[in-house]
Protein chains: 2
Amino acid sequence: MNPGVTSLDVARLARVSQSAVSRAFTPGRSVSDETRRRIMDAARALGYRPNAHARSLITGRSRIIGLVLSYLENLFYPVVLEELARRLKRDGFHVLLFINDNPNADELVDEILQYRVDGIVLAASTLSSGLAQQCANAGIPVVLFNRIMAAGAARAVSSVRSDNEAGGRALAQFLASGGHRRIGFIAGNEESSTNLERERGFRDGLAAAGQRIWARGVGNYDFAAARRAALEMFARADDRPDAVFVASDHMAFAVMDALRRDLGLSIPDEVSVVGFDNVPQADWGSYRLTTYEQPVAPMIEAAVRLLARFLADQEPPAAENLVIPGSLIVRDSARLPAAAGAAARSRGGRRATSTGNRP
Amino acid sequence: MNPGVTSLDVARLARVSQSAVSRAFTPGRSVSDETRRRIMDAARALGYRPNAHARSLITGRSRIIGLVLSYLENLFYPVVLEELARRLKRDGFHVLLFINDNPNADELVDEILQYRVDGIVLAASTLSSGLAQQCANAGIPVVLFNRIMAAGAARAVSSVRSDNEAGGRALAQFLASGGHRRIGFIAGNEESSTNLERERGFRDGLAAAGQRIWARGVGNYDFAAARRAALEMFARADDRPDAVFVASDHMAFAVMDALRRDLGLSIPDEVSVVGFDNVPQADWGSYRLTTYEQPVAPMIEAAVRLLARFLADQEPPAAENLVIPGSLIVRDSARLPAAAGAAARSRGGRRATSTGNRP
DNA sequence: TTGAAAGCGCTAACAG
DNA sequence: CTGTTAGCGCTTTCAA
């Protein structure tokens, strides 16, 4: 037990001043080897650890980053969370979690601000932009992850996202060149920037191939809703889509299950399905989902750098809206373009970057 | 912008003392309505929020709970995380995340202790018990979630887990009465308490039916390793298991995919598969996994109460090791006992509690 | 109910 | 390199 061992206790035991103890525990401050040793011995004997709250009170930095999420069932978010926590740990930061699915949450702002987090990563695609704005106004750096501010909102907020439009376009082109002629789309949350961009890119891509969306449903980024949308879209046996782009992998799994189990359709022989995100499950044997990858690690890296820039600069730097290129991940859930077919089928899965190839 | 608005600023604007401001922001402290109104107006005008670090410095409580996890790919952990964060939020606590897969992590202890968390939930099944012990020694309440201390370790640490043994037993009994005679087992991490208990229960259940484990593999709670274990276990086409219990759902998905896709086996006609956890994906159409549920919400509730008791008491209460009963969730991945077969097959899924039935 | 004063544990100036 | 001093923003006695 060491209830409340303070730096002063350590100082006394080591027969040095309190400041010496502080220095010994602050990397980069100069202390003689001998003094440091005495201090560390004393600290160990007493079980002393610096109090992060007291430190943050005076330094003005908490070394805590707030992460705001709305739900975790879609594995994309746990992946983001894990990646972010690991990345921040390297820089000595920690993640304080805020889970909130209430779109307009004033009290959430209060909570975040009370902890004096050094920055916020907002990865809840359905949360109002107002939250980000309020935090930014309070002087806290905010990075929107996998989303952008609603139109017209202030430009003090940065964002990192993957290239949703290019992804939608690549998927459209892939389906079109695969010979599909009745291509459906199942949307996520229709107001979300992710869905808007993916759908726009998809429409553009189809248009370039002389096609348009043949059928459209809304899944709201929800498993059950996506299932219902798919069932409805494929209800009429005579005039079905021959392919669907589902706006997230998580919904795509629901769609694949519905198509196969409820409707007895074979994928990709009777219908092709493609998704977006490339979550780990997309590679699972039951799905082998062709999808567009969101490169989480580079996105996190970019977000952390944005935050770091804020913390380093006196003046808040201008907001940036970063777009990280992703890549098309070809697996087995969609019929392949004729040319690529034979070649790719014999390999396990293929990656084709929309902005050039990666090894 | 409100860089550093303090309670003193608010006090001056509201023409009251700093203490009055403090009281106004502390639920349950007495302030006159008039004074409170003036203070709140001033606070709003200034954009003031109390500084949680300063508060914690003097109260000795941070209202932060540390959650230690090792990885999130198994959806069980995101579910736990989300449930815990939501539950704690109700009591005004927040979750500080520590992701760590290094089994013996002294510096992790340092990090946790520096933040003066009010309690720790340790849900990393592979992390050494030493971590928990050190935190407990430092006077911080620790609750082990879904695991227990290694044998012989101190008893100052509480734990909450589901009834792994009963689960293993129920699963064994279910498979045995389903007419299976060559029953395999794929273990998780062999040192983990979860695996030990599940395996023990499973062996007991088989023994009660006059059987023993026919084949055994190790999946280490890892997707790829489980796949390999399954492939190896089923390599000899002539003498295969007719059922497998896989120690976690997450591994069970890998096993099902391997069995179906690589070996062309039909589930449950040629082989039955059962898992443990009942993660959301177990209900997905491609798997429809029969499994034993870990009742996360009650487990979290129990964990939070344990923590609350610590915080309320002066003397740390005696450690408790709580076991929360779970239930068998019958779906379609395993052949049913003959009697139950016809009845259950026509419904979507069945729940049979090991300690009596639930609606 | 309210205010004045003290101090939580630490770091940052500044001298030496 | 080291110590002294002051004070981060808050809550808490204690008196009034």
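Note on naming: letters A, B, ... go to the chains in the order of the sequence lines (proteins, then strands), and numbering restarts at 1 for each one. Being a predicted model, the structure only gives us computed values, none of them experimental.
Nearest nucleotide to the B:T35 side chain, out of C:dG9, C:dT1, D:dT2: C:dT1. Considering only side-chain atoms of B:N51, the nucleotide from D:dG9, C:dT2, C:dC10 that sits closest is D:dG9. Across C:dC10, D:dT2, D:dC10, the shortest atom-to-atom separation from the side chain of A:T6 is found for C:dC10. Comparing atom distances between the A:S19 side chain and each of C:dT1, D:dC10, D:dT4 picks out D:dT4 as nearest. Checking D:dT12, D:dG9, C:dA4 against the side-chain heavy atoms of B:S17 singles out C:dA4 as nearest. In this structure, of D:dC10, D:dC14, C:dT11, it is C:dT11 that holds the atom nearest to the side chain of A:R55. Counting only heavy atoms from C-beta on, B:I58 has its side chain closest to D:dT11 among D:dT2, C:dC10, D:dT11. Residue B:S7 has its side chain nearest to D:dC10 when only D:dG3, D:dT12, D:dC10 are considered. Listed nucleotides C:dT11, D:dC8, C:dG3 differ in distance to A:L57; the shortest reach to its side chain belongs to D:dC8. In this structure, of D:dC14, C:dT11, C:dA13, it is C:dA13 that holds the atom nearest to the side chain of A:R23.
In this structure, A:L46 places its CG atom 13 Å from P of C:dG9, rounding to the nearest Å. Atom C1' of nucleotide D:dC10 and atom CZ of A:R116 are separated by 11 Å, given to the nearest angstrom. Between B:R49 atom CZ and D:dC10 atom C1' the separation is 17 Å, expressed in whole Å. Here the C1' atom of nucleotide C:dC10 and the CD atom of B:Q114 are 12 Å apart, to the nearest Å. In this structure, CG of A:L8 is placed 9 Å from P of C:dC10, rounded to the nearest angstrom. At whole-Å resolution of the value, CZ in B:F25 and P in D:dT12 are 15 Å apart. The CZ-C1' distance, from A:R63 to C:dC10, rounds to 16 Å in whole Å.
Heavy atoms of B:V16 sit under 4.0 angstrom from primed sugar atoms or phosphate atoms, though from no base atom.
A donor and an acceptor atom, one from each side chain of A:N137 and A:Q133, are located under 3.5 Å apart.
The pair A:R38-A:D41 does not meet the salt-bridge criterion, since no charged nitrogen lies less than 4.0 angstrom from a carboxylate oxygen. Salt-bridge annotation for B:E83 and B:R86: absent, with no side-chain N of the basic residue lying under 4.0 Å from a carboxylate O of the acidic one. A:D33 has no carboxylate O lying under 4.0 Å from a charged side-chain N of A:R36, or vice versa, which leaves the two without a salt bridge.
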Using the ring-ring contact (aromatic ring centres under 6.0 Å, His included) rule, take A:Y71 and A:Y221 through it: C-alpha gap first, then chi angles, then the decisive distance, then the call. CA-CA 11 Å; A:Y71 69 113; A:Y221 290 133; 8.3 Å; no
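Each of A:V31 and B:V21 was assigned the nucleotide of DNA chain D with the nearest heavy atom; the assignment lying further toward the 5' end belongs to A:V31. The residue among B:Q18 and B:R15 whose nearest nucleotide of DNA chain C lies closer to the 5′ end is B:R15.
For B:S30 and C:dT1, the shortest distance from a side-chain N or O to OP1 or OP2 is below 4.0 Å. Of the side-chain N and O atoms in A:R29, one or more sit less than 4.0 angstrom from OP1 or OP2 of C:dA12. Considering only side-chain N and O atoms, A:T59 lies nowhere under 4.0 angstrom from the phosphate OP1 or OP2 of C:dC10.
In this pair, A:H94 and B:F98 present their aromatic rings tilted. The plane angle is within the 30 to 60° band.
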